[in-house]
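Take a look at the structure below.
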Amino acid sequence: MPLECPRCQSNRIGSNNYGKKTAGVVGAGAGAVSGVSAASTGAMYGGAIGLVGGPVGVTVGRVTGAIIGGLVGGTTGASAGVALGSVLDEQVLDNYRCLDCRYCFRNAPSEESEASGDPG
Ligand SMILES: [Zn+2]
C-alpha cells in the first residue's frame, strides 16, 4: 500500500530516517569506546598467541588483537544504534515527509478499521 500525504494526498513521500542516522553515529561512538576495552583484551590475547612467533610475533599479535577488538566493538555499537534508530523513526519521530507540501507525518497504524456486520 503506497504512502499518501495526509494533507494533500500526494504519494510523493520521502523518509527522513533522522533517528537511524543519529543513533547509528552515536552507537558507533559508544561501540568504539567499549571497543577500546575489547581492544586491550584482544591485544592481551594476541600477544599471548604471538609468543609462539617470538618478539615480532608478540607485537604483531597485540596490534592485530587491538584492531579486531576495536572493529568488533564499533560494529556492534553501530548496528545496535541503527536498530534503535529505526524503532525511533517508526514509533517516535515524524519519519515521512511529503515532497509536495513538505508536511511531516508518521506512518501511524490505521486507527479506523471498517466494522462490517452490525449485530442485531
Ligand atoms: Zn502533502
Side-chain angles (χ1 to χ4, degrees):
M1 186 178 125
L3 283 170
E4 196 173 77
C5 173
R7 183 184 279 176
C8 73
Q9 277 76 48
S10 166
N11 53 15
R12 292 178 58 219
I13 304 299
S15 58
N16 293 321
N17 289 331
Y18 289 137
K20 203 178 287 181
K21 287 173 192 162
T22 310
V25 172
V26 172
V33 170
S34 73
V36 169
S37 63
S40 51
T41 310
M44 195 179 68
Y45 284 116
I49 294 168
L51 278 176
V52 181
V56 177
V58 172
T59 307
V60 171
R62 279 190 185 149
V63 171
T64 310
I67 290 172
I68 291 174
L71 280 179
V72 168
T75 309
T76 309
S79 38
V82 168
L84 173 68
S86 36
V87 173
L88 281 177
D89 280 337
E90 285 166 22
Q91 307 291 331
V92 181
L93 301 171
D94 291 339
N95 192 34
Y96 295 100
R97 186 180 50 194
C98 174
L99 299 179
D100 283 334
C101 72
R102 298 181 182 272
Y103 180 72
C104 290
F105 60 99
R106 266 193 296 163
N107 187 21
S110 59
E111 289 168 20
E112 46 185 328
S113 58
E114 290 183 29
S116 59
D118 203 274

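Note that the coordinates shown come from a computational prediction; the quantities given were computed from them, not determined experimentally. Whatever order the structure lists ligands and atoms in, that order sets their numbers, starting from 1.
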Q | Set of side chain to side chain contact (heavy atoms under 4.5 Å, CB included) partners for T64, sequence neighbours left out | A | V60, I68

Q: Please identify each residue that fulfils side chain to side chain contact (heavy atoms under 4.5 Å, CB included) with R102, with sequence neighbours left out.
A: none

Q: Tally every protein N/O/S atom whose distance to the Zn ion (ligand 1) is less than 2.8 Å; waters are neither shown nor counted.
A: 4

Q: First locate atom CD of E4, then atom CZ of F105, and finally report the distance between them rounded to the nearest 0.5 Å.
A: 9.0 Å

Q. Checking S79 side chain against T76 main chain: does a donor-acceptor pair fall under 3.5 Å?
A. yes

Q) What pairs with R7 under salt bridge (charged side-chain N to carboxylate O under 4.0 Å, His left out), at least two apart in sequence or on another chain? A) none

Q: Carefully, step by step, assess C98 and I13 under the rule side chain to side chain contact (heavy atoms under 4.5 Å, CB included).
A: CA-CA 5 Å; C98 174; I13 304 299; 4.2 Å; yes

